[in-house]
Amino acid sequence: MLTLISLAIPLLLSPAQANSTGKTGKSTAGCTTCHGSATDSTTTSTLSASASTVGPSDTVTITFTVNTTNSSRTHAGLNVSANGGTFSAGTGTQVSSSEITHSSPMAMSSSTATFSFDWVAPATEGTYTLYGAGNAVNNNGASSGDGWDLATNLSITVVCADADTDGYTVCDGDCDDGDAAIHPGATEICDGVDNDCDGSTDVNASGADAWYQDADLDGYGDAFHSQVSCTQPSGYVADSTDCDDTRASVNPGAVEVCDVHDRDEDCNGYADDEDVGATGLVDWYYDDDLDGFGNTTVGGQACDAPDGGSLRNDDCADDDDTRYPGAPETCADTIDMNCDGSFGGDDEDGDGFAACTDCNDADPDVNPDATEVCNGKDDDCDGVTDPDDSSGAPTWYRDADFDGYGVSGETATACEQPHGWADNTDDCDDSTAGVHPDAVEVYYDGIDQNCDGNDDDWDEDGTPFPEDCDDQDPSRAADCSEPDTGPVVDTGGDDGADGADGGDGSTTDEKGCGSKSSAAFLLLAGLGGLALRRRREA
């Protein structure tokens with residue numbers, strides 16, 4: 001039994017050697033591993049190429065032929081390598097470890113097997129050699145009876161020609177060796193061609209136009225951000241006179257206006273009062289005491305008041321620079337210092353607080369002891385108007401989905417409604433904006449859109465779908481035989497169904513489900529009815 005096992009092992013291994021799917025590295029050493037230790041005179045191998053002189057990166061078709069005079073050899077294989085370039089598999093071949101070998105033993109025809117594949121030449125000039133070994137096998141699962149042969153080496157010369165005689169070869173980077181005007185160093189011109197072989201077309205070309213970025217899209221470009229191009233790039237214009245490319249209202253075609261920023265809107269180098277064409281001028285008033293508040297005498301028009309003038313005319317004492325609107329006032333004052341019509345020790349509104357301590361001595365409801373309420377006034381004179389803790393401030397409820405409906409649990413008080421808060425607690429799902437009491441209900445989708453607690457009883461007869469075989473008629477529930485397809489909805493016009501239509505929302509005219517209809521409902525209704533019918537029949 002041991003003898004039989006030892007004999008069986010070579011029989012199992014031999015087919016893997018004699019019928020190999022390819023052995024790389026044997027193109028120069030021969031097929032000694034699998035097909036005999038020496039070449040065989042009855043087997044010949046030949047390498048040939050579609051061209052012997054090519055340019056860099058050209059593709060050459062290689063043919064490898066195996067012939068035998070031994071009729072018992074029915075299949076063939078090969079191995080080919082090269083000292084440069086790359087292989088691409090073809091008929092009966094595969095690429096393995098950067099070499100070509102047979103994808104499987106090829107059956108011979110008339111004692112000949114022909115393999116083909118491609119070789120891509122390197123980008124460097126020189127003569128390159130392809131090496132090959134071929135074998136003819138009897139396909140008997142053992143190396144006995146096989147033969148192999150080393151093919152004559154095949155030489156292919158790679159030449160960097162200068163076909164257009166412009167002094168540049170393909171190896172030098174000439175991207176079109178058929179046009180002498182195209183080569184590295186040539187002048188790029190606007191012709192849709194990469195003249196200088198830099199990989200870009202018509203960029204910084206001679207004769208190209210300068211274009212200027214128009215970031216604010218006002219039709220005027222920024223002289224400090226430009227590019228030269230044969231065609232107008234997106235976001236660029238031919239004009240370069242914009243003095244502020246971040247504002248569309250500022251450009252040479254704009255009108256100069258009076259503004260607090262003293263901005264030069266028309267880009268003429270002058271702003272506001274310095275620009276004789278400025279618009280929006282206002283009256284200014286003489287300010288004799290130079291306290292910033294003028295009297296009622298108009299001095300002229302300007303964007304900004306000149307020295308000795310003011311845009312305000314409410315100074316009650318323009319000969320005293322200590323008296324002006326908002327000036328400090330003490331209880332010892334016997335004259336009106338802040339131009340409010342009273343003096344510090346006076347109590348004009350009779351609320352028990354002198355003007356020096358009352359922030360509004362014309363309103364008895366406003367004083368330091370008053371209660372702050374939501375009325376748009378600083379009632380208690382603390383400098384804050386309508387704070388959140390004002391008396392009578394309404395309660396607001398968290399509205400996380402911003403649909404106008406809140407939920408109980410988290411509250412806030414404020415005179416004005418804060419963002420993200422509502423005045424009610426009617427929302428049943430504060431995480432979804434499409435769910436609230438005014439939403440349109442989509443029945444049978446598992447979501448109570450309008451928060452009424454009903455998603456599966458359309459006709460509200462107490463029997464939900466699908467137990468209700470007609471969920472559009474409250475008089476029919478589990479005892480009907482066929483489901484309906486949908487209610488009738490008033491279209492608001494005469495569609496010919498009854499000859500007239502009052503448009504009053506009554507269920508007349510047009511078949512359909514109105515705001516509750518959908519293809520999904522019709523499908524669900526049909527499936528529900530069918531399921532009930534089958535259950536009854538069973």
Side-chain angles (χ1 to χ4, degrees), residues 208-229 231-329 335-341 359-360 362 376-378 383-386 416 419:
D209 296 316
W211 303 92
Y212 303 90
Q213 186 178 41
D214 180 18
D216 56 11
L217 303 178
D218 60 0
Y220 296 85
D222 180 0
F224 297 100
H225 295 85
S226 64
Q227 65 173 263
V228 176
S229 177
T231 57
Q232 182 175 1
S234 176
Y236 285 73
V237 295
D239 179 88
S240 62
T241 59
D242 202 339
C243 57
D244 186 347
D245 201 34
T246 65
R247 294 181 174 85
S249 60
V250 177
N251 58 66
V255 176
E256 185 70 30
V257 297
C258 294
D259 64 287
V260 296
H261 305 289
D262 287 340
R263 186 171 289 130
D264 178 15
E265 284 88 5
D266 58 5
C267 295
N268 67 353
Y270 302 97
D272 288 8
D273 287 319
E274 295 179 356
D275 194 330
V276 294
T279 61
L281 304 176
V282 295
D283 291 338
W284 61 271
Y285 304 89
Y286 286 109
D287 178 18
D288 293 335
D289 58 8
L290 303 180
D291 59 4
F293 298 86
N295 55 46
T296 57
T297 303
V298 177
Q301 284 196 322
C303 293
D304 302 301
D307 292 341
S310 172
L311 297 181
R312 298 183 59 165
N313 63 351
D314 52 355
D315 197 340
C316 57
D318 201 32
D319 58 351
D320 185 347
D321 63 3
T322 65
R323 301 175 62 194
Y324 53 84
E329 200 167 47
I335 58 176
D336 183 9
M337 300 297 294
N338 61 7
C339 299
D340 65 353
C359 57
N360 186 350
K377 296 189 293 185
D378 179 15
V384 181
T385 301
D386 293 349
E416 297 293 332
H419 183 62

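Just so it is clear, the values below take in all heavy atoms, side chains as well, and ignore hydrogens, waters and symmetry mates.
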Practice prompt. Return yes if a side-chain donor-acceptor contact under 3.5 Å exists between Asn313 and Asn295, otherwise no.
Written response: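 Distance-only check fails for Asn313 and Asn295.
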Using the test side-chain hydrogen bond (donor to acceptor under 3.5 Å, both in side chains), find all partners of [X] that sit at least two apart in sequence or belong to another chain.
X	answer
Glu274	none
Asp272	none
Asp214	none

Worksheet item: Got Cys267 and Val250 here, is their nearest side-chain heavy-atom distance under 4.5 Å?
Response: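 Heavy-atom side-chain distance check passes, below 4.5 Å.
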Pair listing, salt bridge (charged side-chain N to carboxylate O under 4.0 Å, His left out) test, anchored in [range], at least two apart:
range	result
residues 257-271	none
residues 239-258	Asp244-Arg247
residues 293-320	Arg312-Asp314
residues 276-293	none

[X]: ring-ring contact (aromatic ring centres under 6.0 Å, His included) partners, not counting sequence neighbours:
X	result
Tyr236	none
Tyr220	none
His419	Phe402
Trp211	none

Item to complete: Please name all residues satisfying salt bridge (charged side-chain N to carboxylate O under 4.0 Å, His left out) with Asp340, sequence neighbours left out, ordered by chain then number.
Response: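 Counting only residues at least two positions away or on another chain, Asp340 forms no salt bridge (charged side-chain N to carboxylate O under 4.0 Å, His left out).
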